[in-house]
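Since the structure comes first, as C-alpha cells, the remarks are kept for the end.
Chain identifiers are assigned alphabetically (A, B, ...) following the order of the sequence lines, protein sequences preceding nucleic acid strands; residue numbering begins at 1 within each chain.
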Amino acid sequence: MVSIQSKGEKATRQGFSDALVELGEENPNVVVLGADVSGSVKVDAFAKAYPDRFISVGVAEADMMGVSAGLALVGKIPFASTYGEFAAGRPFDQIRQSIAYSEMPVKICASHCGITVGPDGATHQSLEDVALMRVLPHMTVISPCDYLETKRAVKESLSITKGPVYIRFFRDNTPMFTDEATPFQIGKANTLIDGTDITIIAAGLQVWEAIQAAEMLQAKKISARVINMHTIKPLDREVILKAAKETGAIVTAEDHQIHCGLGSAVSEYLAQTLPTVQEFVAVRDTFGESGKGVELMKKYGIARDDIVKAAKRALKRKKGRRGEKAS
Amino acid sequence: MVSIQSKGEKATRQGFSDALVELGEENPNVVVLGADVSGSVKVDAFAKAYPDRFISVGVAEADMMGVSAGLALVGKIPFASTYGEFAAGRPFDQIRQSIAYSEMPVKICASHCGITVGPDGATHQSLEDVALMRVLPHMTVISPCDYLETKRAVKESLSITKGPVYIRFFRDNTPMFTDEATPFQIGKANTLIDGTDITIIAAGLQVWEAIQAAEMLQAKKISARVINMHTIKPLDREVILKAAKETGAIVTAEDHQIHCGLGSAVSEYLAQTLPTVQEFVAVRDTFGESGKGVELMKKYGIARDDIVKAAKRALKRKKGRRGEKAS
Amino acid sequence: MRGTDHQKLSIADLKEMARQIRRDIIKMLMISKSGHSGGPLGLADIFASLYFNILKYDPQNPTWPGRDYFFLSAGHLAPVWYVTLARAGFYPLSEMSTLRKINTRLQGHPAPGYTHGLPGVEIASGALGQGMSIAVGATIGLRMDQKPNHVYVLHGDGELDEGQVWEGLMTASHYNLDNLTAIVDRNFCQIDERTEKVMKLEPLADKWRSFGWNVIECDGNRIEEFLGAMQEARNFKGKPSVLIARTFMGKGVSFMEDDYRWHGVPPSEEQGKQALSELEPTKFGDFVMFEWEKEVPEVVK
Amino acid sequence: MRGTDHQKLSIADLKEMARQIRRDIIKMLMISKSGHSGGPLGLADIFASLYFNILKYDPQNPTWPGRDYFFLSAGHLAPVWYVTLARAGFYPLSEMSTLRKINTRLQGHPAPGYTHGLPGVEIASGALGQGMSIAVGATIGLRMDQKPNHVYVLHGDGELDEGQVWEGLMTASHYNLDNLTAIVDRNFCQIDERTEKVMKLEPLADKWRSFGWNVIECDGNRIEEFLGAMQEARNFKGKPSVLIARTFMGKGVSFMEDDYRWHGVPPSEEQGKQALSELEPTKFGDFVMFEWEKEVPEVVK
Ligand SMILES: Cc1ncc(C[n+]2csc(CCOP(=O)(O)OP(=O)(O)O)c2C)c(N)n1
Ligand SMILES: Cc1ncc(C[n+]2csc(CCOP(=O)(O)OP(=O)(O)O)c2C)c(N)n1
Ligand SMILES: [Mg+2]
Ligand SMILES: [Mg+2]
C-alpha cells in the first residue's frame with residue numbers, strides 16, 4: 001500500500017477563496033455574492049480584488065439565491081456564498097424553483113459544513129445539506145477533500161454551464177494530500193488506495209480519515225480500498241460497482257447525517273445493481289453541539305477509529321454471507 | 001390472496017380536514033394555522049367551527065413555522081397547514097431550528113404532495129419533501145394511504161408530545177380501502193397482502209397502486225407481499241427485515257423523487273443488515289409538469305404497471321443471486 | 001427588430017386588445033377546466049399596455065439582447081401572460097387551448113425555456129415571492145455591463161406577505177436600481193379572503209417608501225392612467241419605482257368582479273358563456289370558436 | 001415567587017451590574033477563546049435592565065407560568081444573555097467558564113432545554129431572523145388563554161435583513177399584539193461592515209411604523225432612558241411596540257467601541273487584560289480569578 005502523505009495544512013475554504021481570485025482574473029463574468037459572512041467564507045479576497053463584481057445582499061440568503069438566478073439569466077456566472085446551513089436549507093425553495101428547475105448556472109458555495117465546524121454548535125452545523133441538494137434534479141453536488149481539490153472543484157465548476165453546482169467545504173485547516181498530479185474530474189471518483197478486502201468510500205474531510213483508517217487496517221493485515229467520492233451527484237456508479245464486486249463490503253464515511261447522504265446514495269445504487277454489505281460512518285440522526293471539531297468527530301462517531309470499527313463490522317458480515325454472486 | 005376492495009373514493013386531505021374538526025371539539029388546545037390556501041388544504045372547516053383557534057398568517061410559510069413553535073411553547077397544539085412544497089422546502093431552516101432542534105410538538109400538515117397534484121405543474125409538485133423531513137433528527141414522517149388512514153394519522157399525531165410530525169397527503173379523490181378494523185399505529189407498518197416471492201413496500205397513494213400490481217402479479221402466479229409503510233420515519237425495520245428474509249426481493253413505490261425517499265430509507269437499512277435486491281418505483285430525478293394525475297403517474301413511471309415491471313425485474317435479479325444467506 | 005415599435009397600439013386599440021385578452025382568458029380556461037380566472041382578468045389592461053406599448057421585445061427572437069426583461073413573480077397569473085404572449089406573436093394562437101395539459105408549453109405555472117418553456121418566459125415562477133430577487137439580480141447584471149435594458153417585475157398583493165419580497169426590495173434600494181420597475185397588482189384579494197383580512201398590508205405605499213422606493217399609485221384598469229404612471233416611473237432616477245396599481249379581480253365579468261372566490265377557479269361552461277356575452281367580440285378575433293358559437297339561433301333560421 | 005421583585009436593583013446598582021456583566025463577558029470569552037465580543041458588550045446595559053428591573057421570572061422555577069417570555073432572536077449574542085442568567089441566579093456562576101466547550105449547557109448559540117439547554121432559555125436561536133415569529137406565536141397563544149404575560153424579543157439590526165422578520169412584524173401588527181415588545185440592537189454594525197454599507201436599513205423607524213408598530217427610539221446604553229422607553233412600550237395599547245435602541249458595539253472597552261470587526265471574535269489574553277483594566281471591578285465580584293490577577297505586583301511585595 002502506498003502511503004499518502006499530508007504536505008501541511010490549509011482550509012478547504014481557502015481553496016475556494018484562492019480559486020475565486022483566479023477566476024475573477026480569468027473571466028470578467030464571474031461575480032460573487034456575499035450574505036454578511038464574507039470574511040468567514042473568505043470571499044473578502046475577491047471583494048477586495050474586484051469590488052465591482054462583489055455583491056453584498058445582507059443577511060438574506062433567499063434573496064441571494066434569487067439575485068444569483070437573475071445574474072445568471074443575463075450572462076453572469078454567480079458564486080453565491082455563505083455557511084452550509086444557510087446555503088442549502090434556508091433558501092431551499094428558492095434554489096429549487098429559481099435555480100434548479102430554471103437550470104440557472106449558479107454556483108452555490110457552502111462553507112463551514114458538517115459537525116466539525118465545532119464551537120458554534122448545532123444551529124451552525126450543516127448536517128443535512130447533501131440530502132437537500134442531492135434530491136434536487138439538475139443539481140451537481142461536490143464535496144472536495146482538501147485545499148487543492150476545493151480550489152480545482154471551484155474552478156472546474158465553470159465547465160457546468162447549465163444548471164447549478166453545490167460545493168461543500170469546511171472551516172478548519174486540514175491536511176493537504178492531493179497535488180496537481182492527482183486526477184480531478186467532476187463526476188469521476190478517485191481511487192486513492194487500492195485494496196481487496198473492503199472499500200471505504202468517503203467525501204470531504206472524511207477522505208483523510210479514511211486514509212488513516214486504511215493504514216490502521218493495513219497494520220491488521222486488512223487491505224482496504226479508499227475512494228474519494230468528491231462528486232456525490234452525479235455519482236460515479238462504475239467505481240462503486242467495481243468496488244462492490246471486487247471487495248464485497250463497503251464502508252461509507254461522511255460528515256453528514258446518516259440519512260440521505262453519501263452512504264445513502266451508495267446504498268440506493270447498490271440495491272438496484274449488486275446488494276452489498278455496507279456500514280455507514282455518519283452522524284446518527286441527531287443534532288450536534290459545541291466543542292472542538294476533533295472532539296465532536298469522536299463523540300459523534302465519524303473519526304478514523306469509527307471507520308476502522310465499521311470496516312471490521314462489515315468484514316464480519318461479509319464473511320457471514322456464503323457463496324454470493326453478483327446479480 | 002385476499003382481494004382488497006375500495007369502498008368509494010375520498011381525498012386524503014378530506015381525512016385531514018375531518019380529523020381537525022373532531023380534534024377541535026376534543027381538545028381546546030388544538031389550534032390550526034393557515035397560509036392562504038385554507039380551502040385547498042381544507043382547514044376552512046376547522047376555521048369555521050373554531051374561528052378563535054384558526055390563525056391566518058398570510059402567504060408566509062417561514063413565519064407560520066415560527067408562530068407554530070411559539071404557540072407550542074405556551075402549550076398549544078399547532079397544526080401548520082399548506083401545500084407540501086411550501087410546508088417542507090420553503091421553511092426548511094425554520095422547521096429545523098425552531099421546531100425540530102427545539103423539539104416543539106408542531107404538526108406540519110402538507111397537502112397536495114407528489115406529482116399527482118397534476119395541472120399546477122412542477123413548482124407545485126412536492127417531490128422532495130420526504131427527503132427534507134426524513135433527514136431531520138426528531139422528526140416523525142407519516143404518509144397515509146387513504147382518507148381514513150389520514151384521518152387516523154392526524155388524530156394519532158397528538159400522541160407525539162415532544163418533537164414534530166410531518167404528515168403528507170394528496171389532493172385528488174382516491175380509493176378508500178382501510179377501515180376502522182385496519183390496524184394503525186405510528187411507526188408500525190401494515191402488511192396488507194401476504195406473499196412469498198417478492199415484497200412491495202409502498203406509501204401514500206402508491207399503496208393502492210401496489211395492491212393492484214399485486215393482483216396483476218397474482219394473475220401471473222407471482223405471490224407479492226404488500227406493505228403499507230405509512231410511517232417513513234421512524235421506519236418499521238422489523239417488517240422490512242422479515243420481508244427481505246422471506247421474499248428476497250423488494251420493490252418500493254412512492255410519489256417522490258427516487259433519491260432520499262422511502263426507497264432510499266429501505267435500501268439504507270437493508271445495506272446495514274441484509275443487502276437485498278431492490279427496485280425503485282419513483283420519479284427518476286426529474287421535475288414534473290402539468291397534466292392529469294393519472295397521466296403523470298404513467299409518464300413519470302409510478303403507476304401500477306411500473307410496479308409490476310419493477311417486480312419482474314427484481315425477481316429476475318433475485319434468481320440471478322445463487323444460494324445467498326442472510327448476513 | 002424592436003417588437004414594440006411595430007406593435008405599438010393606439011389607446012383605443014389597447015382597450016380593444018385588453019377585451020380580447022379577457023375573452024381569450026375565458027375561452028382558455030373553459031378548455032383547460034383548471035386555472036386562475038380572477039387575477040388574470042383584472043390584469044388584462046396592464047398586460048395589453050405592457051406588450052403593446054411599453055416593453056421592447058422581438059417575438060421572432062425572444063432572447064434578443066436589447067429586450068426589456070419582464071418577470072411575472074406571481075406565477076399563478078400565467079393565463080393573462082400566456083394569452084398576451086400569443087397575441088404579441090411569441091407562439092401560435094391555437095396553442096392557447098393546451099393550457100395545463102400534458103406535454104404543453106403552457107404549464108400551470110410558467111416553466112423555464114429548456115423543457116416546456118414558452119418563448120418570452122425568462123424563468124420559472126409559481127412559488128410566490130421569488131421574482132423581485134431575480135429582477136434585482138438581472139438589473140444589477142445589466143448595469144455591470146452598462147446595458148440600458150429596463151427590468152419589470154409584477155407581484156400580486158397577497159404575494160407581498162412573503163418575506164423574500166422585502167429582502168429583494170431592500171437590495172433594489174440599496175443599489176439604487178432605477179432601471180427596475182415593479183408593479184403590484186393591488187386587487188385587495190388573495191385566496192382565503194380579502195388581503196386586509198388574511199394579512200393586513202396597509203399602509204402599503206408607506207411600506208414601499210420606507211424600503212427606499214419611489215411609489216406611484218394608479219388605476220390599473222385605466223390604460224391611459226397606467227401608461228402615464230409607467231412613463232413617470234421610467235423617468236424617475238436614483239431609486240427603483242413601484243406602481244401600486246389598483247385593479248379589480250375578475251374585471252370585465254360582472255359576477256366575478258372584486259370577489260376573491262374567483263382567485264383560482266375556471267368558469268364552468270355556463271359561466272363562461274355568460275362571461276363571453278359580457279365581453280363583446282373584438283376586431284382581433286377569438287383564437288377558437290366553440291361549437292355553440294357556430295350554431296345559428298333557431299329564430300333566425 | 002416573582003424573581004423580578006426580589007431582584008429589582010437601583011439605577012446605581014443596575015449600572016454596576018452592567019459593568020459586571022461586561023467583565024464577565026470578557027472573562028468568559030478569554031476562557032472559551034471563541035465567541036462574540038462586540039454585540040454582547042453593547043447590550044450589557046439592556047440585559048442588566050431586563051433581568052434586574054423589567055422581566056418577571058423565577059430563577060428557581062424557570063418555567064414558572066407567570067413569567068415574562070424573553071426571546072433572543074439573534075442567538076450569537078448569547079454571551080451577554082448567559083452571563084446575565086448566571087447573575088440572575090438561573091445557574092451557577094462557575095459554569096460560565098464552560099462556554100462553547102463540549103458537553104456544556106452554554107452552547108455557542110442558545111440550545112433548547114431538553115439537551116444542552118440552560119434554564120431560562122425557551123427555544124433555540126442562532127440561525128438569524130426566526131425570533132419574531134416565535135414571539136408572535138407565543139403572544140397569540142397566551143392571549144388565547146387570557147394570560148397577561150408580556151413577551152419580549154431582541155433582534156440585531158443586521159438581522160433585520162432577513163425577510164422572515166418582516167413576515168413576523170406584519171403578523172404581530174395584524175393581530176394587534178400589544179403584549180409584545182421588540183428591541184432592536186441598533187449598533188449600526190454587522191459582520192462584514194457597518195449596516196448601511198452591507199444593506200441599508202434607514203429609515204428604520206419608518207419601516208417598522210409602516211409595518212404597523214409603535215416605534216420608540218432610545219439610547220440603549222443609558223439605563224434610565226431605556227427603562228423609561230420600556231415603560232412607555234408596556235403602557236402603549238393597540239399595537240405592538242418596538243424599541244430601536246441605539247447601542248455601541250463593544251461599549252465599555254475603548255479599542256472595541258463602534259468597530260464592526262469585533263462582531264465575532266474573542267479578546268486575546270493581552271486584549272482581555274486591557275479590557276478588564278478599563279472595566280473597574282464591582283461589588284458583585286468576578287466569577288473567576290485568573291492566575292495573573294492573583295499575582296501581587298513586584299513593587300508592592
Ligand atoms: C410560496 C407560495 N405559497 C403559497 C402559494 C399558493 N398561492 C398561490 S396564489 C396565492 C394567493 C396570492 O395572492 P395574490 O398575490 O394577491 O394573487 P391574486 O389572488 O390577487 O391573484 C397563494 C397563497 C404559492 N403559490 N406559493
Ligand atoms: C440565517 C443566518 N445567516 C447568517 C448568519 C451568520 N451571522 C451571525 S451574526 C450575523 C450578523 C448579524 O448582524 P447583527 O444582527 O447586527 O448583529 P451584531 O453584529 O450587531 O452583533 C450573521 C450574518 C446566521 N447566524 N444566520
Ligand atoms: Mg391579489
Ligand atoms: Mg448589529
Legend entry - side chain to side chain donor-acceptor pair (under 3.5 Å) against Gln97(A), all qualifying residues, sequence neighbours excluded: none
Legend entry - Glu202(C), CD atom: more than 12 neighbouring heavy atoms under 6.0 Å: yes
Inset, instruction - Determine whether more than 12 heavy atoms belonging to other residues, nucleotides or ligands lie under 6.0 Å from atom CD of Glu238(A). - result: no
Inset, instruction - Kindly compute the distance separating CD (Glu61(A)) from CD (Glu167(C)), expressed to the nearest 0.5 Å. - result: 7.5 Å
Inset, instruction - Name the member of Gln130(C), Met170(C), His174(C), Gln164(C) that forms the most heavy-atom pairs with chain A at distances under 4.5 Å. - result: Gln130(C)
Inset, instruction - Tell me the residues of residues 72-88 of chain A whose non-hydrogen atoms fall below 4.5 Å from those of chain C, in number order. - result: Leu73(A), Val74(A), Lys76(A)
Legend entry - Best-contacting candidate, Ala138(C), Ala127(C), Ser133(C), against chain A by heavy atom pairs under 4.5 angstrom: Ser133(C)
Legend entry - Whether over 12 other heavy atoms sit under 6.0 Å from Arg209(C) CZ: yes
Inset, instruction - Heavy-atom distances under 4.5 Å only: say whether Asp52(A) touches chain C with side chain, backbone, both or neither. - result: backbone
Legend entry - Engaged part of Met65(A) at the chain C interface, taking heavy atoms whose separation is under 4.5 Å: neither
Legend entry - Interface moiety of Ser98(A) toward chain C, non-hydrogen atoms closer than 4.5 Å: both
Inset, instruction - Would you check if the side chain of Ser102(A) reaches a backbone N or O of Ala124(C) as a donor-acceptor pair within less than 3.5 Å? - result: yes
Inset, instruction - Would you mind checking which part of Thr63(C) comes under 4.5 Å of any heavy atom in chain A, side chain (CB onward), backbone (N, CA, C, O), both or neither? - result: neither
Inset, instruction - Check whether Leu33(A) gets within reach of chain C through its side chain, its backbone, both or neither, counting any heavy atom under 4.5 Å. - result: neither
Inset, instruction - Report the distance from atom CD1 of Ile134(C) to atom CG of Asp63(A), rounding to the nearest 0.5 Å. - result: 10.5 Å
